[in-house]
Structures are given as C-alpha cells and as structure tokens.
Amino acid sequence: MAYWLMKTEPDECSIDDFARQAESPICWDGVRNYQARNFMREMKVGDSVFIYHSSCKAIGIAGTVEVVKEAYPDPTQENIESNRWSAVDLIFKAKFKRVITLNELKSIPALAKNPLVQKGNRLSVIPFSQTEWNAVHAFI
DNA sequence: GCCAACGTTGGC
DNA sequence: GCCAACGTTGGC
C-alpha cells in the first residue's frame, strides 16, 4: 500500500471528472516524463493518489483517487508496440470540501522535503510517505 | 501573458 | 559525451 500525488490541469481532467463517473475508472495517460512514468510503473492496485490541480485558479490538492489497474501501454503513444509510455486506471475516492492550496501545503513541515513544494519542480507523479499523506489529511 | 526552471533533442 | 537550442511546465 503506497501513496502518490498526480498533477493535472483541471481543464483536462479534474477531481470533478472523477466524481461525475464515480463508478467507472479513468485512464491516466499522456505522461511523457521518464521519472513520472517509472513511478507509475511502481503503482499497485489499492494505492491511494492525491489529485493536484495545477495551472488554474485554485492550485492545490482537490481530492483522492485509487489505483484500480496497474501500468499498461499508454494507448496515446505513437508506437504502442514500443511500450515506451505507461498508463494506469484510477477511480474516484473523495473530493475535499475545499482545495488544500499550494500555500498551505508549503506551510506543512512534513512536506518541506517533498518535490511538490520545491521551486521549479515539474515532476507530475510524486510518491508520498505515509507521514506526508497523513499530514495533508490533517489539514482537511 | 510572463518567465524561471527544467527536460529533451541533436549537432559536433 | 558535451552543451546550446528548443519546447514544456507551472506559479505568479
């Protein structure tokens, strides 16, 4: 059982999109970064994932989803035979009453070393320790 | 819209 | 293997 955070632009795929179809999983594809891809390949069914909204009005963690299908060839890649890129399937778990903002996340001591709050970091799939996960939940 | 920071590409 | 040029990310 592991914990993760995944960034998304809510225009593309938001926590509301997950909530709208809470019974059916969403294919998380289109990741084109090796470090992020490698983390996706480590994901196991049942892992918990924060959904982080970036490049929008309310930047921050908006809710949680869960891994329901482990890494498989990303259907959106050019040459699917190469299996260069991976996708996972995720299903809705919870939408927070309000977004936990980036400023709030920066104020959480347990997150000080997390790439999410470090300047210039562009990693879109980030592993969370249980301590970090719990520290975020304590904010809700 | 701006721009700093970062990752990738490709010539050498 | 180096590194300049380029494209993208993402906060502001």
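Quick note on labels: first sequence line is chain A, next is B, and so on, each numbered from 1.
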_Using every non-hydrogen atom in the two residues, find where E132(A) and A110(A) come nearest and quote the distance to one decimal._
CG-O, 3.6 Å
*Scan S54(A) against the nucleic acid and name what it touches under 4.0 Å (heavy atoms): base, sugar-phosphate only, or nothing.*
sugar-phosphate
*Whole-Å distance separating the CG atom of L116(A) from the P atom of dA5(B)*: 18 Å
_Between dG11(C) (P) and H53(A) (NE2): distance, integer Å_ = 12 Å
*Roughly how many Å is it from CG in L102(A) to C1' in dT9(C), rounded to a whole number?*
14 Å
*In whole Å, what is the span from the CG atom of N33(A) to the P atom of dG7(C)?*
18 Å
*Rounded to the Å, how far apart are Q35(A) CD and dT8(B) C1'?*
14 Å
*Given the side-chain rings of W85(A) and Y34(A), with only the six-membered ring counted for Trp, is the space between their centroids under 6.0 Å?*
yes
*Side-chain N or O of K7(A) closer than 4.0 Å to phosphate OP1/OP2 of dG10(C)*: yes
*Should K119(A) be listed as having a side-chain N or O under 4.0 Å from OP1 or OP2 of dG11(C)?*
no
*For K106(A) and dG10(C), what is the distance between atoms NZ and P respectively, to the nearest whole Å?*
13 Å
*Looking at dT8(B), dG10(C), dT9(B), which one has an atom nearest to any side-chain atom of R84(A)?*
dT9(B)
*Would you indicate whether the side-chain heavy atoms of K95(A) and F18(A) approach each other to under 4.5 Å?*
no
_What is the distance, to the nearest angstrom, from the CD atom on Q118(A) to the C1' atom on dA4(B)?_
16 Å
*Does a nitrogen or oxygen in the side chain of Y52(A) sit under 4.0 Å from OP1 or OP2 of dG11(C)?*
yes
*Is L111(A) close to F128(A) at the side-chain level, that is, under 4.5 Å between some pair of heavy atoms?*
yes
*Atom pair distance, as rounded to whole Å: CZ in R32(A) and P in dT8(B)*: 13 Å
